[in-house]
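One structure below.
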Amino acid sequence: MRMAGDPSYLEPLNKEQRRAVLHTGKPLLILAGAGSGKTRVIKTKIAWLIREQGIDPRSILAVTFTNKAANEMAHRARKIDERAGNAMLRTFHSFGAWFLRRNGHLAGLDSGFVIYDDTDVVALLSSIMENTPKPEVKYFAHCIARAKDYFLSPDDSELALINHQKKFRDIYKQYEERMAQIGNVDFGDLIKKPAEILRSQPEVAKRFHDRFAVIMVDEYQDANVAQFHLLKELCSVSTYVCVVGDDDQSIYRFRGAEVKNILDFPNSFAGADIIRLEQNYRSTSPILQAASSVVNRNRDRLGKVLNAEKGDGPFPELTTHIDQYAEAEFCADKIEQSVKNKTTTWADWAILYRTNAQSAVFETLFLRRRIPYRVVGSFKFYEREEIKDALALLSFLANPRDEVAFRRVVNKPTRGVGPVTVHNIIQASITGSSNLAETSLTLQCSQKARAGLKEFINVIDNAKVLLGDHEDNTKDYTNNKYVKDVDVKRKRKKLELNGAIKKQELKPGKGLSICVHNLLINSGVAEYHAMEDEISGNSKIGNLQELLNAAIDYPNNREGLLNFLENIELDRNMKEETQNPQDTVTLITFHNTKGLEFKRVFMTGLEQGIFPREEKKDEELEEERRLFYVGATRAMEELYLTKCEQRTLYGKTMPMTPSLFLNEIDKSVINEIKKKNDFAFGITERGGWQSFGKPSSSGKGKDQDDYLWENKSFNPFQLTSAMKELEEVSGWRIGQRLFHENHGYGGVLKIKDSDDGPIVYVKFDNGQEKSFLSEYQSKAYEKIGDDW
DNA sequence: TAGTTTTAAGTTTTT
DNA sequence: CTTAAAACTA
């Protein structure tokens, strides 16, 4: 197949892949089935364009749907040619943000905008729709987001297709006006606004046409209408455009993805060529056959046949379990057994589920059984109260017109600024067209509120000085005089007594973290959460510290701040990316698996109501089928399908019926195991591991000794009488081993007295330290074994 | 008003 | 069962 003179990096490609890489001229649609090597094609194509076609890397734009995919693509393309690192590899949304920072002013948008996430949008909308129940506000927020996905503005006649209520148009209009006053954007704006600017400003469009000679789009089946328009506007007659996708893997209809985009590509991009990649290199034949037999039931599809390069293999195995706990145990057993006899490593395994909530059972069990795992996606980190507070302070610092951020933190901790005052300030700010910081200082209000507002604005102003004052991020500015000026001696209440803030003090690092630290301390937000920690044994300060650490890499100036906020909004998995791949089992939703592959895969919760969800019909049911297909085709060697007879949901145990997909699947390639051997010992009716007692794997002995050995800071044989008394009062002993549902195994480090009774300090085996008041001893802390 | 207690309501999937 | 909203008390 190799042609004379072909570069060696083309060698691994098959005929069709090679055709796709070498294709030039007309628009190209690559229909790439699951596991057909599309990533390989894209990265090779980028390298080939640079090396053989002499294309300037800077004039290549490659768009993906996740940041992970974008990073991965960049990494792999660079391996072939270092220059590929200069190509622009971004998600649609991050490209939109990049575009708007530079060209937003053409649509009246200041470059200092902050991106609102869904919660922020709902908060803004509920201040527009006063006295409207939250669910209704959420619904309208959803409609606005969909409208933007479909590239519809408040005046568009087609708006009724999204929501036919008359008031919707009006709400949408008000929302847009308010957003414009604030000067921020939502996710939809990141796509819609750039497309509008390009469309209405030919000279801008020309600049971009000159800049990008090549545009490639991955996962094109998940592009929405607005993204289609953006792509259209970015392309001139001379732009080489290449999109890659698979209609069978379109799983984001609910957020506006239009399969029509891919089906209609040949019409919208005249003269387009189509190349099909139908050779599957990932899965064995039975796995592919099982997956295909389900998605084949769909009507709206191009239809394709995938050939399994790998050939035969073991049949996918279907098992039934009494409930989700037994299901989890089954998975754990399989994995443990295989890893123990060295057939596989932890990282070869993935557990797939439909909803994020389903991961909890696996997490708890895996902690208990000491199975290393990582949960992909659904990082609730940035949704936590304390993190949201910190980000609101930063957002308000970046944009003093940010009403949502202002509302969130102006009275936290309480400064006597009540809802009435807040409302007045926001109204006055809108009518008087001055920002919220200025308005706060000038508006007539009560004495108490005035003082509180002054204090709050002072905090922001100090941070602003800290931020704008210098460019370098090496010098320690924590003792800056502006910091000292602020009155930090706020009422400390109980806090003063037990010195909570001192114990778990936030430490500033370098760069932007100096500014973040300054804000958290001076605003009193750090104190506020430190106190909560002390009472409930949470680790909010720890979380804030993590946020601080993340800010270290950004310069301590305005640009750094904007970048930091943008990256957090656009890449929720930011933290995970930086970590090195470890040998761990992957827990992941079906949606998140797109583009990934594992040797062995569990598809769990195959029950009506869970997967497919509720009574989905027609197009929605078809989408669930595609999701099933996506999940199944992740497996390279072995696929396990599991379902439960009953499931405990929302505290209630309900009987479950098998998933519709299990009826549709080709039974001739499935190995159904009917024996029921898992009325498992240790599982109780109320669904816990009540009778577990000690963990079977050495709850006693070595582990404990290791623990004591490592913690020489105390000597159990030299306890003072006060300490012994505390042990008695609290019911805990120093050195006591314990297990916590969320944090795993650990031991009691020390016990201290406080106004609210003894506080038990725990050090977990993963290094984390937590504390809890023994009085409110949560059952989450379970004593295990005897103490040394 | 601020903070606590009681009651009700709710769970896809995500850039 | 957990979280958010509503009602209540100091």
Side-chain angles (χ1 to χ4, degrees), chain A residues 63-70 90-97 115-119 121-122 126 131 133-135 137-138 142 145 148-149 185-192 219 222-224 226-227 250-257 352-361 376-380 382-383 385 411-422 446 448-449 452 491 493 528 531-532 535 566-574 588-594 605 609-614 616 620 623-624 626-628 630-631 648-653 686-688 741 779-780:
Chain A
V63 183
T64 62
F65 269 79
T66 64
N67 293 282
K68 191 157 52 173
R90 284 176 182 266
T91 66
F92 259 119
H93 289 89
S94 103
F95 174 79
I115 302 163
Y116 273 171
D117 68 12
D118 290 351
T119 2
V121 166
V122 171
S126 48
N131 303 319
K134 198 96 172 261
V137 176
K138 275 189 179 165
H142 167 83
K148 292 189 178 186
D149 287 343
V185 298
D186 57 27
F187 276 112
D189 289 333
L190 293 175
I191 309 298
K192 185 162 168 276
E219 308 283 9
D222 284 324
N224 61 36
Q227 285 161 338
S250 173
I251 54 175
Y252 285 107
R253 220 181 83 98
F254 68 92
R255 66 168 204 221
L352 277 50
Y353 38 78
R354 179 64 227 272
T355 66
N356 281 303
Q358 284 166 257
S359 75
V361 175
V376 174
S378 111
F379 264 118
K380 289 168 289 173
Y382 294 107
E383 282 156 36
E385 185 196 5
N411 199 32
K412 190 170 190 175
T414 52
R415 296 185 181 89
V417 185
V420 180
T421 313
V422 172
S446 73
K448 207 163 134 197
K491 295 159 267 171
K493 298 181 187 172
Y528 179 91
M531 200 165 97
E532 296 235 310
I535 294 164
E566 180 175 316
N567 285 344
I568 284 171
E569 284 310 328
L570 296 181
D571 192 0
R572 294 249 174 109
N573 297 325
M574 195 169 68
I588 192 167
T589 62
F590 283 99
H591 282 88
N592 263 321
T593 58
K594 190 149 66 158
I610 301 284
F611 191 26
R613 265 204 81 68
E614 298 311 319
K616 293 243 176 184
E620 286 188 324
E623 176 141 316
E624 298 273 306
R626 293 192 290 267
L627 191 55
F628 183 96
V630 167
T648 310
L649 272 173
Y650 327 131
K652 286 220 160 102
T653 304
R686 45 175 214 88
E741 281 203 345
K779 51 188 170 185

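Numbers restart at 1 for each chain; the letters A, B, ... are given by sequence-line order, proteins then strands.
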| Salt-bridged, A:Arg354 to A:Glu624, with N to O below 4.0 Å? | yes
| said: One thing to verify: whether A:Arg255 and A:Asp149 come together as a salt bridge, which I'm taking to mean a side-chain N less than 4.0 angstrom from a carboxylate O. | reply: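 Salt bridge absent between A:Asp149 and A:Arg255.
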| field | Is_stacked (A:Phe92, B:dT15) at 5.5 Å, 30 deg | value |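 No.
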Quick one: label [X] by what it contacts on the DNA or RNA (base, sugar-phosphate, nothing), any heavy atom closer than 4.0 Å.
X        : result
A:Phe254 : base
A:Asn411 : sugar-phosphate
A:Tyr252 : sugar-phosphate

Within this structure, what is the [atom1]-to-[atom2] distance between [X] and [N], rounded to whole angstrom?
X        : N      : atom1 : atom2 : answer
A:Asp149 : B:dT15 : CG    : P     : 13 Å
A:Tyr116 : B:dT15 : OH    : P     : 21 Å
A:Arg626 : B:dT12 : CZ    : P     : 20 Å
A:Leu627 : B:dT14 : CG    : C1'   : 12 Å
A:Asn592 : B:dT15 : CG    : C1'   : 11 Å

Between the protein and nucleotides 2-6 of chain C, list every N/O to N/O distance that falls short of 3.5 Å.
unit_1	atom_1	unit_2	atom_2	d
C:dA5	OP1	A:Lys134	NZ	2.9

| said: Using 30° and 60° as the class boundaries, would you call the ring planes of A:His93 and A:Phe187 parallel, tilted or perpendicular? | reply: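 Judged by the thresholds at 30° and 60°, the geometry between A:His93 and A:Phe187 is perpendicular.
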| request: Would you please classify the geometry between the A:Phe254 ring and the A:His591 ring as parallel, tilted or perpendicular, with 30° and 60° separating the classes? | output: perpendicular
| task | Report the base-pairing partner of C:dT2 (Watson-Crick or G-U wobble, both distances below 3.5 angstrom), or none. | result | B:dA9
| query | Should B:dT4 form a Watson-Crick or G-U wobble pair with both distances under 3.5 Å, which nucleotide is its partner? | reply |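 B:dT4 is paired with C:dA7.
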Please pick, from [options], the nucleotide with the shortest atom-to-atom distance to any side-chain atom of [X].
X        : options                : value
A:Arg354 : B:dT13, B:dT15, B:dG3  : B:dT13
A:Thr414 : B:dT13, B:dG3, B:dG10  : B:dG3
A:Arg613 : B:dT14, B:dT15, B:dT12 : B:dT12

| If you pin A:Leu570 and A:Gly416 to their nearest nucleotides in DNA chain B, which one's is more 5'? |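 Its nearest nucleotide being more 5', the pick is A:Gly416.
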| query | Of A:Pro419 and A:Glu624, whose nearest nucleotide on DNA chain B comes first from the 5' end? | reply |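 Looking at the nearest nucleotide for each, A:Pro419 comes out on the 5' side.
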| Sequence neighbours excluded, which residues qualify as salt bridge (Lys or Arg N to Asp or Glu O under 4.0 Å) partners of A:Lys192? | A:Glu196
Does [N] have OP1 or OP2 under 4.0 Å away from a side-chain N or O of [X]?
X        : N      : value
A:Asn356 : B:dT14 : yes
A:Thr648 : C:dC1  : no
A:Asn67  : B:dT15 : no

| Stepwise side chain to side chain contact (heavy atoms under 4.5 Å, CB included) check, A:Phe65 with A:Thr91 | CA-CA 5 Å; A:Phe65 269 79; A:Thr91 66; over 6 Å; no
| message | Whether the side chain of A:Glu623 engages the backbone of A:Arg253 through a donor-acceptor N/O pair (distance < 3.5 Å, no angle test) should be reported. | response | yes
What's touching nucleotides 8-10 of chain C from the protein side, N or O pairs under 3.5 Å?
none

